[in-house]
Amino acid sequence: MSDRPLRLRFAPSPTGFFHVGGARTALYNWAIALRLGGTFVLRIEDTDEARNQPEWTQGIIDALAWIGIHADDDHFEGPYFQSSYADQHVAAAQRLFEAGVAYYCDLSGDEVQARAKASGTPGYDGYSRDRGLEPGPGRVLRFRVPEGTTVVHDLVRGEVSFENANIEDFVLLRGNGSPMFLLANVVDDITMQISHVVRAEEHLPNTPKQQMLWQALGAEPPVWAHVPVLVNEQRKKLSKRRDKVAVEQYRGEGYLSDALVNYLMTLGWAPGGDTEIVPWSSIVGEFRLEDVNHSPAFFDLKKLAAFNGEYIRALALDEFIETCAPFVLASDVPWNAEQFNPVVFSAIAPLVQTRIARLDEVAPMVDFLFLADAPIDEAAFAKTMAGPNSTALLTEVIDAFESAEWDHDSLKETLEAIGDGFQLKLGKAQAPVRVAVTGRTVGPPLFESLVLLGRDETLRRLRAALGHVRTAPE
RNA sequence: GGCCCCAUCGUCUAGUGGCCUAGGACACUACCCUCUCAAGGUAGCGGCACGGGUUCGAAUCCCGUUGGGGCUGCCA
């Protein structure tokens with residue numbers, strides 16, 4: 001294979017957001033670079049000038065940093081911008097033309113198609129191979145695919161061979177002289193002395209073409225590794241149109257980067273032993289391209305959420321509180337900033353921590369502590385208060401709470417005793433109180449919540465609920 | 001259509017010829033715990049796509065079938 005220094009690269013094109021599939025590919029590259037002491041090169045493939053915006057590049061860098069791939073790490077190099085190497089791409093094309101391994105063709109795309117249709121064989125038919133055309137406006141430069149077989153040595157798939165007869169003379173330079181992806185990508189990889197190309201399987205069909213280019217340009221091809229694509233429930237490649245693929249979105253919904261990273265690594269690969277939840281350090285120690293699976297992997301949101309829940313629960317309490325900050329101080333939170341009380345939040349936090357799988361579930365779970373009134377869920381309220389005993393029970397609770405000691409145990413004993421009078425177990429007796437005070441039938445443990453809310457506010461909400469029952473339409 | 005890749009529980013996977021009566025995780029179900037909901041604990045459900053070989057022995061090797069996927073642009 002290759003005894004060159006280990007240099008890997010991740011070469012996204014800036015499209016406005018960072019794809020989870022790209023994140024996994026980046027992570028695979030990164031893990032190898034760290035384990036084997038190689039270099040991870042970031043190259044932004046920004047040749048599609050029409051859709052290229054500087055802030056998108058920053059988005060990629062930020063997203064990479066979020067998943068632990070930091071630009072200031074010793075193993076990180078770049079970012080490089082493909083657009084700044086355009087001269088080299090064209091120069092390489094020129095050399096190929098002069099060496100006779102590439103030739104110009106003046107057929108338009110439509111004409112190529114028409115000929116293919118007429119002959120019944122798909123693809124370009126080599127019409128201009130021997131016409132000796134010179135460069136000119138509108139003429140594309142095509143690679144003269146030689147006869148024979150191209151064998152690709154792939155770390156995850158073994159040897160894959162392609163009959164060159166099935167590979168058409170592909171375009172290197174467009175009619176306007178600009179380089180195509182296949183060429184630019186190879187020239188940059190050669191320039192940057194890339195030793196291992198690790199990318200998604202969708203590029204496998206490009207590989208024989210690119211390998212021929214490496215050779216035609218006088219370079220020894222890299223080690224290839226094509227990892228399986230990520231698919232949706234329909235088993236189709238994850239796409240930005242149909243699927244939720246933006247890393248930024250997962251971050252915004254309160255997925256922890258450690259959880260996402262861990263989950264992504266297990267799509268196509270598994271750490272040794274019986275646990276999949278493992279720290280990044282052991283992933284780096286164990287990850288091998290040779291162990292990567294061969295078949296597409298379903299990106300399962302439920303499992304990601306399960307991983308996330310595990311990671312959330314594993315946080316120390318102060319870490320958890322800190323991690324919640326962006327989600328309780330955000331502008332889209334249901335309360336006003338001045339209503340938020342960090343002391344109260346810290347007190348309820350441990351009870352929230354075991355009840356969520358995503359950080360964006362925090363605010364709706366604790367909002368009743370900061371809002372002026374209970375955020376009543378009318379359906380839940382109506383259902384809970386429908387029982388004949390509910391209002392009577394609430395009335396007794398108000399009475400008792402006026403004089404009860406305001407602590408967890410006293411409140412619990414008080415409600416238990418009242419429940420007994422109605423032949424209700426605590427599980428049933430707490431329901432009307434919970435709905436009255438928190439607005440919902442589910443939430444953090446009730447008595448802790450009441451203690452935090454305080455006697456006055458609790459009583460006020462209980463009375464308000466009684467009023468609400470009387471005025472509610474049947 | 002052509003080229004290429006792939007095939008273990010619903011899903012992600014362990015498994016590299018005997019340790020497999022196929023292991024784990026998510027999901028699902030039941031029970032325990034319990035002030036709701038979670039978390040936690042216990043148990044359960046569930047799979048080697050099919051057909052031929054090779055071998056004393058196959059989830060593991062070979063061939064075929066079927067099924068899925070990727071690519072098939074003067075996109076990347």
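Chain naming here is simple, since letters A, B, ... match the order of the sequence lines and numbering starts at 1 in each. If you're wondering where the values come from, they're calculated on a predicted model, not measured in any experiment.
Scanning atom types as modelled, one donor and one acceptor separated by under 3.5 angstrom connect the side chain of A/Lys303 and the base of B/A25. Judged by distance alone with a 3.5 Å cut-off, a donor-acceptor contact links the side chain of A/Glu448 to the base of B/C35.
The interatomic distance linking A/Leu173 (CG) with B/C74 (P) rounds to 13 Å, in whole Å. A/Gln211 has its CD atom 16 Å from the P atom of B/C4, to the nearest Å. Distance CZ (A/Phe81) to C1' (B/A76): 17 Å, rounded to an integer number of Å. Atom CD of A/Gln234 and atom P of B/G70 are 12 Å apart (whole Å). The interatomic distance linking A/Gln113 (CD) with B/C74 (C1') rounds to 12 Å, in whole Å. Rounding to whole angstrom units, OH of residue A/Tyr311 and P of B/C26 are separated by 13 Å. With rounding to whole Å, A/Lys209 atom NZ is found 14 Å from B/C4 atom P. One can place NE2 of A/His89 at 19 Å from P of B/C74, the figure rounded to the nearest angstrom.
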In B/S/- notation, 5' to 3', how is nucleotides 38-44 of chain B contacted by protein heavy atoms closer than 4.0 Å? BSS----

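At the heavy-atom level, A/Lys237 lies under 4.0 Å from the strands shown only through sugar-phosphate atoms. Heavy atoms of A/Phe162 sit under 4.0 angstrom from primed sugar atoms or phosphate atoms, though from no base atom. Using a 4.0 Å heavy-atom criterion, one finds that A/Leu230 contacts no nucleic acid atom at all. The residue A/Arg434 sits close to a base: some heavy atom pair falls under 4.0 Å. Among the heavy atoms of the strands lying under 4.0 Å from A/Ala297 are primed sugar atoms or P, OP1, OP2 only; no base atom is included. Across all strands, A/Gly427 comes closer than 4.0 Å only to sugar-phosphate atoms, never to a base (heavy-atom distances). Looking at heavy-atom distances under 4.0 Å, A/Met365 makes no contact with the nucleic acid at all. Within 4.0 Å of A/His203, counting heavy atoms only, lies at least one base atom of the nucleic acid. Note on A/His19: nothing from the nucleic acid sits closer than 4.0 angstrom, heavy atoms only. Residue A/Pro444 is in base contact, counting any heavy-atom pair closer than 4.0 Å across all strands shown.
Where A/Phe298 and A/Leu304 each meet RNA chain B at their nearest nucleotide, the meeting point lying more 5' is that of A/Phe298.
Contact annotation: A/Arg142 does not reach the phosphate of B/G73 (side-chain N/O to OP1 or OP2, under 4.0 Å). Dashed line: the shortest gap from a side-chain N or O of A/Arg174 to OP1 or OP2 of B/C75 is under 4.0 Å. The phosphate of B/G69 has OP1 or OP2 within less than 4.0 Å of a side-chain N or O from A/Lys236. For the pair A/Lys302 and B/C26, the criterion of a side-chain N or O lying under 4.0 Å from OP1 or OP2 is not met.
Sorted by first and then second residue, the side-chain hydrogen bond (donor to acceptor under 3.5 Å, both in side chains) pairs involving residues 140-150 of chain A (not counting sequence neighbours) are A/Thr149-A/Glu163, A/Thr150-A/Asn164. Screening residues 101-123 of chain A for side-chain hydrogen bond (donor to acceptor under 3.5 Å, both in side chains) gives A/Tyr103-A/Asp169, A/Asp106-A/Arg131, A/Ser108-A/Glu111, A/Arg115-A/Asp125, A/Ser119-A/Thr121 as the qualifying pairs, with residues at least two apart or on separate chains.
Between A/Arg434 and A/Thr438, the side chains place no donor N or O within less than 3.5 Å of an acceptor N or O (distance only, hydrogens not considered).
Rounded to whole Å, the separation between the P atoms of B/U65 and B/C74 comes to 33 Å. On the P atoms, B/C26 is 38 Å away from B/U66, given to the nearest whole Å. One C1' atom belongs to B/G15, the other to B/U8, and the distance between them is 9 Å to the nearest Å. Nucleotides B/C33 and B/A14 have their P atoms positioned 38 Å apart, rounded to a whole Å. The P atoms of B/G10 and B/C50 are separated by 12 Å, rounded to the nearest whole Å. Annotation: B/U60 and B/U13 have their C1' atoms spaced 16 Å apart (nearest Å).
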Please tabulate, one pair per line, each protein N/O and nucleotide N/O from nucleotides 5-8 of chain B that are separated by under 3.5 Å, including the distance.
residue, atom, partner, partner atom, Å
B/C5, O2', A/Arg157, NH1, 2.5
B/C5, O2', A/Glu201, OE2, 3.0

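With sequence neighbours left out, the side chain to side chain contact (heavy atoms under 4.5 Å, CB included) criterion links A/Ala363 to A/Val333, A/Pro334, A/Trp335. Scored by the side-chain hydrogen bond (donor to acceptor under 3.5 Å, both in side chains) test, A/Thr354 finds no partners at all (sequence neighbours excluded). Here A/His19 pairs with nothing under the side-chain hydrogen bond (donor to acceptor under 3.5 Å, both in side chains) rule; sequence neighbours left out. Applying the side-chain hydrogen bond (donor to acceptor under 3.5 Å, both in side chains) rule to A/Asn29 yields no partners; only residues at least two apart in sequence or on another chain are considered. Annotation: side chain to side chain contact (heavy atoms under 4.5 Å, CB included) contacts of A/Lys425 (sequence neighbours excluded): none. Remark: A/Tyr80 pairs with A/Val41, A/Arg43, A/Glu77, A/Tyr85, A/Met192 by the side chain to side chain contact (heavy atoms under 4.5 Å, CB included) rule, at least two apart or across chains. Looking at residues two or more places apart in sequence or on another chain, you find no side-chain hydrogen bond (donor to acceptor under 3.5 Å, both in side chains) involving A/Arg139.
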Salt bridge (charged side-chain N to carboxylate O under 4.0 Å, His left out) evaluation trace for A/Lys302 with A/Asp300: CA-CA 5 Å; A/Lys302 279 192 176 166; A/Asp300 186 354; over 6 Å; no

Checking A/Trp224 against A/Gln210 for the side chain to side chain contact (heavy atoms under 4.5 Å, CB included) test, could you report, in this order, the C-alpha distance in whole Å, the side-chain angles of both residues, the deciding distance, and whether it holds? CA-CA 11 Å; A/Trp224 307 100; A/Gln210 295 197 307; 4.1 Å; yes

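Around atom CD of A/Glu405, no more than 12 heavy atoms belonging to other residues, nucleotides or ligands sit under 6.0 Å away.
In this structure, of B/C71, B/G68, B/C35, it is B/C35 that holds the atom nearest to the side chain of A/Gln430. Picking from B/G68, B/C35, B/C71 the nucleotide with the shortest atom distance to the side chain of A/Pro205 gives B/C71.
Residues from residues 267-289 of chain A that place a heavy atom under 4.0 Å from any atom of RNA chain B, listed by number: A/Leu267, A/Gly268, A/Ala270, A/Asp274, A/Glu276.
Nucleotide B/U29: paired with B/A43 (Watson-Crick or G-U wobble, both distances less than 3.5 Å). Base-pair partner of B/G64: B/C50 (Watson-Crick or G-U wobble, both distances under 3.5 Å). Of all nucleotides present, none satisfies the Watson-Crick or G-U wobble test against B/U36 with each distance under 3.5 Å.
A cation-pi arrangement, defined by a distance under 6.0 Å to the six-membered ring centre and an angle within 45 degrees of its axis, is present between A/Lys244 and A/Tyr250.
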